Amino acid sequence: MKESFIAKFGSAPKFYVRAPGRVNLIGEHIDYCGYAVLPMAIEQDILIAVEPVKTEVVQLANINSSYLDFSTSVNNIQINKTKPQWHNYFLCGLKGIQEHFGLNNPTGMNCLLDGTIPPSSGLSSSSALVCCAGLVTLKANGKTLSKVELAEICTKSERYIGTEGGGMDQSISFLAEEGTAKLIEFSPLRATDVRLPSGAAFVIANSCVEMNKAATSHYNIRVMECRLATKLLSKSKSLDWKKMLRLQDVQASLGVSLEEMLTIVEEVLHPEPYSTEEICKCLGISLEELRSQILSQNTQNVSTFKLYQRAKHVYSEAARVLEFKKICSEAPDNAIQLLGELMNQSFISCKEMYECSCPELDRLVDICLQFGAVGSRLTGAGWGGCTVSMVPTDKLNTFLKNVKKAYYQNDGQRLALENNGLFATKPGRGALVFVEA
């Protein structure tokens, strides 16, 4: 990489920063609702070589020539939300750190990027890039922050590109440690080690359907459906619904268990989709107030929302995360079987209640279960991307061989992606800075 950097910029990099991708073992689409999730960092990462420069320009180049070079003044960061191009994710991290410190004349930089996380695969390549850029900017400007502060700044700054994420991806990228998954809780952000059972491997399989989170409205509609469900549940329980933003807020205000929340969802919400008119009627507000005070910019024109299904998924998934951690802590003899069942339940809920699967993911999960996985589910936002499967170690090699044959072998495009599309992974370490010796 050093040689490529010198060839590109005519001088050597001063330091390198890496930030890993992640796989979420359980807890899909609940971080932005305030609930704990259970990811681990993977070995695949984003790596950036950096040389701080005296000019006020950031020059970005990518080892992969299909990603075009980009340069901009550090004092005038413009992030284009309409096209989520790779450099805009870098600019999110850069801008987040600049604004946090109120940097008046930030350092210019030459940066060369390389990445081994397959893009748009649900393994968090975009958030890893935002985190990497944040850490690059911090180091180049001689500033320091804790890992928790970095994660919180990068979570906020990714919203510049229009993704209303909940913070899981940025948190695990910074807080991960080798050899352990993490239970990540929010408000305040904290991470607890979760030791995975030794007799099983976690295998990632890419469906080869790309899903770009910022470019799709699916994701932001789900965020809004959860917010609207929060408002209706709060109102029905005479809470101050205007202040309530996340489904977890309702549970905390009522002081009840997740199981009790599921009962409340059954009582209050109906399975048929809600029209905007019905939502306004339930809340006693006008359509104008709904649009200006509650709906986000990119959900203004959505006419129906499924609230019952989304709330049901979130509360049941939040309970599965806690159960998964409990099984890992107590380590009963049948732990692998029990964890596998939780992963399977999670997938059914993602598919039926949250509707964030797709035909290829459904097929891939079936194939994985057929060839010996004890549990298999989509990971990342869904609508494409990857599955994660829990496979007993003694079955791993035949599992990989059979899945390769069944899903990848007869499809040219899939076969091309199969090398970094199907692999066993272990919990990796978090973001790091290396200084050129």
Side-chain angles (χ1 to χ4, degrees), residues 20-26 28 40-46 63-67 114-126 128 196 199-213 215-216 218 336-337 339-341 343-344 346-348 350-352 355-428:
R22 61 97 193 95
V23 57
N24 189 22
L25 300 177
I26 197 155
E28 220 57 75
M40 68 186 196
I42 54 176
E43 291 144 45
Q44 285 78 355
D45 59 13
I46 299 278
I63 292 265
N64 179 340
S65 58
S66 61
Y67 296 108
D114 195 8
T116 52
I117 311 167
S120 300
S121 61
L123 300 176
S124 214
S125 57
S126 50
L196 301 169
F202 287 91
V203 176
I204 293 170
N206 193 339
S207 70
C208 306
V209 175
E210 286 205 357
M211 184 277 174
N212 187 321
K213 200 160 63 181
T216 174
H218 290 308
I336 292 172
Q337 217 50 49
L339 296 175
E341 281 162 24
M343 290 172 75
N344 293 336
S346 169
F347 179 64
I348 291 166
C350 283
K351 178 178 161 179
E352 294 175 1
E355 296 178 275
C356 61
S357 188
C358 66
E360 294 84 352
L361 282 170
D362 297 348
R363 165 117 183 85
L364 190 48
V365 164
D366 284 346
I367 287 171
C368 290
L369 291 172
Q370 184 190 333
F371 290 119
V374 288
S376 188
R377 55 183 294 280
L378 62 83
T379 184
W383 299 289
C386 290
T387 61
V388 58
S389 301
M390 193 178 187
V391 183
T393 328
D394 54 0
K395 290 186 183 161
L396 182 60
N397 288 340
T398 52
F399 174 84
L400 291 169
K401 201 161 65 211
N402 287 328
V403 172
K404 180 176 174 176
K405 199 164 155 192
Y407 192 77
Y408 297 92
Q409 209 84 60
N410 303 323
D411 181 309
Q413 181 218 351
R414 288 181 190 169
L415 203 56
L417 284 170
E418 180 259 328
N419 287 338
N420 50 5
L422 178 67
F423 53 91
T425 187
K426 345 187 248 303

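Note that the structure is a prediction, hence the values are computed from the model and not measured.
Considering CG of L361 and CZ of R377, their distance stands at 11.0 Å, rounded to 0.5 Å. Residue F399 holds its CZ atom at 13.0 Å from CG of D394, rounded to the nearest 0.5 Å. For the atom pair CG (L196) and CG (L339), the distance works out to 8.0 Å, reported to the nearest 0.5 Å. Residue S124 holds its OG atom at 12.5 Å from CG of D45, rounded to the nearest 0.5 Å. Put simply, OG on S389 and CD1 on I367 are 10.5 Å apart, with the number rounded to the nearest 0.5 Å. Atom OG1 of T387 sits about 9.5 Å away from atom CG of L369, to the nearest 0.5 Å.
Looking at L123 and P118, their side chains come closer than 4.5 Å, going by heavy atoms from C-beta outward. Within the 4.5 Å cutoff, no side-chain heavy atoms of I204 are placed close to those of T379. Considering only heavy atoms from C-beta on, F423 stays 4.5 Å or farther from E43 through its side chain. K351 is not listed as a side-chain neighbour of V365, based on a closest heavy-atom distance of 4.5 Å or more. At a threshold of 4.5 Å between non-hydrogen side-chain atoms, the residues V23 and C386 do not count as touching. Side-chain contact between Y67 and P119 is present, with at least one heavy-atom pair separated by less than 4.5 Å. The shortest distance between side-chain heavy atoms of E360 and Y407 falls below 4.5 Å. Inter-residue side-chain proximity for M343 and L25 is flagged as unmet; no heavy-atom pair is nearer than 4.5 Å.
Judged by distance alone, the side chain of S207 and the main-chain N or O of V209 form a donor-acceptor pair under 3.5 Å. The backbone N or O of C358 lies less than 3.5 Å from no partner atom in the side chain of R363, so there is not a single donor-acceptor pair. In this structure, the side chain of N344 engages the main chain of S376 through a donor-acceptor pair within 3.5 Å.
Nearest heavy atoms, D362 versus S357: OD1-OG, 2.6 Å. For I336 against G199, the heavy-atom pair with the smallest separation is CD1-C, 3.6 Å. The minimum heavy-atom distance between A205 and L422, with the atom names listed, is CB-CD1, 3.7 Å. When all heavy atoms of G372 and K395 are compared, the pair lying nearest together is O-CD, 4.1 Å. In this structure, Y408 and N206 approach most closely via the heavy-atom pair OH-O, 2.8 Å. The shortest non-hydrogen separation linking I117 to A128 is CD1-CB, 3.8 Å.
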